[in-house]
Amino acid sequence: MPEESAEQERVSAETLAGQEKSAAEGKAAGEEKSEPEGAAEVLGPVPPPSAWRQLRVALTAPQRTQFIIAAVACLVALSVVWQIRARADDEMYRTARRADLIQLVDGLSEETRRLESELQELEETKRELLSGDDARRVARDQTQRRLDALSVLAGTAPASGPGVRITISDPQVKLGAAILLDAMGEMRDAGAEVMEFNDTIRVTANSWVGGSPGRLIVDGTRLPEVIVLEVIGDPHALEEAARFRGGLASEVSSPQIGGRITIEQVEDLDIQSVRTPAENVYAKPAG
């Protein structure tokens with residue numbers, strides 16, 4: 001009997017140990033099955049960055065390829081702008097009236113003749129100076145002529161000669177400073193040597209135009225309601241420059257301005273207004 005009891009206890013102990021081992025293996029198997037699910041959650045696909053974040057990174061840390069693309073884009077844009085401007089210029093001449101083209105050619109011809117005349121005078125002066133015959137007198141005369149010409153251009157001496165008188169009225173008070181500034185440039189391009197506003201304002205290279213319609217100012221002096229611009233130069237070339245399509249006359253008489261303009265050729269204009277030269281603050285003669 002004692003031996004049967006001992007055998008039963010041993011069998012019971014082995015059975016209990018087997019059950020505990022099975023429970024332990026089942027628990028381990030459950031943990032192994034649950035671990036991949038947790039790992040999948042941790043190691044899952046990373047969401048892509050947002051568009052704003054990508055843009056911020058591209059702007060703050062541009063790459064070399066982005067610089068190359070930007071440079072190519074700028075070159076393409078510049079070439080497109082140049083082509084558009086070239087086509088616009090060609091279109092302007094292509095659509096211009098026959099009379100406007102004739103005026104343009106006449107103006108260029110007058111300017112060419114004037115430059116050829118100046119060239120001949122300079123060559124004659126050069127021959128006289130090189131010949132040695134009274135070279136001192138020739139040099140003195142040329143120096144005085146040059147001084148007189150510079151005094152007229154600088155506005156420090158009166159001047160007279162042929163030219164045009166342009167009278168502008170602005171009843172609707174829409175004439176702006178830009179139109180007067182363009183008119184001065186057109187006159188210079190046509191060979192103007194002296195310009196004056198309303199017998200009081202001598203125009204020089206340093207002249208400026210400001211103010212608003214009805215309150216235009218030239219070199220600090222307010223212009224009256226009726227503006228009179230007198231210009232010394234080739235009368236025909238000056239008038240053609242003012243009447244050219246898109247020029248002063250077209251702008252003043254356009255519906256946007258609604259002004260009136262008259263252009264008169266004058267054989268002898270007398271301009272007496274002068275400018276007082278300002279002393280240089282920094283520049284001084286060299287030598």
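- More than 12 heavy atoms of other residues, nucleotides or ligands lie within 6.0 Å of CD in Glu123, so this atom counts as buried by the packing criterion.
- By the rule that hydrophobic residues join a cluster once side-chain heavy atoms approach within less than 4.5 Å of another member, Val266 and Ile232 end up as members of one cluster.
- Checked against Asp148 for a side chain to side chain donor-acceptor pair (under 3.5 Å), the options Gln144, Arg145, Arg146 give a single hit: Gln144.
- Under the salt bridge (charged side-chain N to carboxylate O under 4.0 Å, His left out) criterion, no residue pair touches residues 201-212, with sequence neighbours excluded.
- Between Gly258 and Pro171, the shortest heavy-atom distance links the atoms O-CG, 3.7 Å.
- Residues Val274 and Pro158 form a side-chain contact, since some pair of their non-hydrogen atoms from C-beta on lies under 4.5 Å apart.
- For the residue pair Val164 and Leu269, the shortest heavy atom distance occurs at O-CD1, 3.6 Å.
- Under the side-chain contact (heavy atoms from CB on, under 4.5 Å) criterion, Val209 pairs with Ala177, Leu180, Leu181, Met184, Val218, sequence neighbours left out.
- Rounding to the nearest 0.5 angstrom, the gap separating the OG atom in Ser250 from the CD1 atom in Ile261 is 9.0 Å.
- Linking Ile, Leu, Val, Met, Phe, Trp and Tyr whenever their side-chain heavy atoms come within less than 4.5 Å leaves Ile166 and Phe244 in two separate clusters.
- No continuous path of ILVMFWY side-chain contacts below 4.5 Å connects Val194 to Val203, so the two sit in separate hydrophobic clusters.
- Here side chain to side chain donor-acceptor pair (under 3.5 Å) pairs that include residues 186-200, with residues two or more places apart or in two chains, are Glu196-Ser273.
- Annotation: the span from Gln172 atom CD to Asp170 atom CG amounts to 7.5 Å, rounded to 0.5 Å.
- Taking every heavy atom of both residues into account, Ala241 and Ala190 meet most closely at CB-CB, 3.6 Å.
- Applying the salt bridge (charged side-chain N to carboxylate O under 4.0 Å, His left out) test to pairs two or more places apart or on separate chains, none has a residue in residues 247-263.
- Residues Ile257 and Ile227 are members of one and the same hydrophobic cluster, defined by side-chain heavy-atom contacts under 4.5 angstrom among Ile, Leu, Val, Met, Phe, Trp and Tyr.
- One distance of note links CG of Leu238 with CE of Met195; it measures 9.5 Å at 0.5 Å rounding.
- We find the CG-CD1 distance between Leu248 and Ile179 to be 8.0 Å, quoted to the nearest 0.5 Å.
- For residues 213-239, every residue pair satisfying the side chain to side chain donor-acceptor pair (under 3.5 Å) rule, not counting sequence neighbours, is listed here: Arg165-Glu230, Ser207-Asp219, Asp219-Arg275, Glu239-Arg243, Glu239-Gln265.
- With sequence neighbours excluded, the residues satisfying side-chain contact (heavy atoms from CB on, under 4.5 Å) with Ser151 are Leu147, Thr156, Ala157.
- One hydrophobic cluster holds both Ile263 and Met187 under the rule that ILVMFWY side chains link at heavy-atom gaps under 4.5 Å.
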Please report the C-alpha distance between Ile168 and Leu229 in whole Å, then the side-chain angles of each, then the deciding distance to 0.1 Å, and finally whether the side chain to side chain contact (heavy atoms under 4.5 Å, CB included) criterion is met. CA-CA 8 Å; Ile168 303 172; Leu229 174 61; 5.9 Å; no
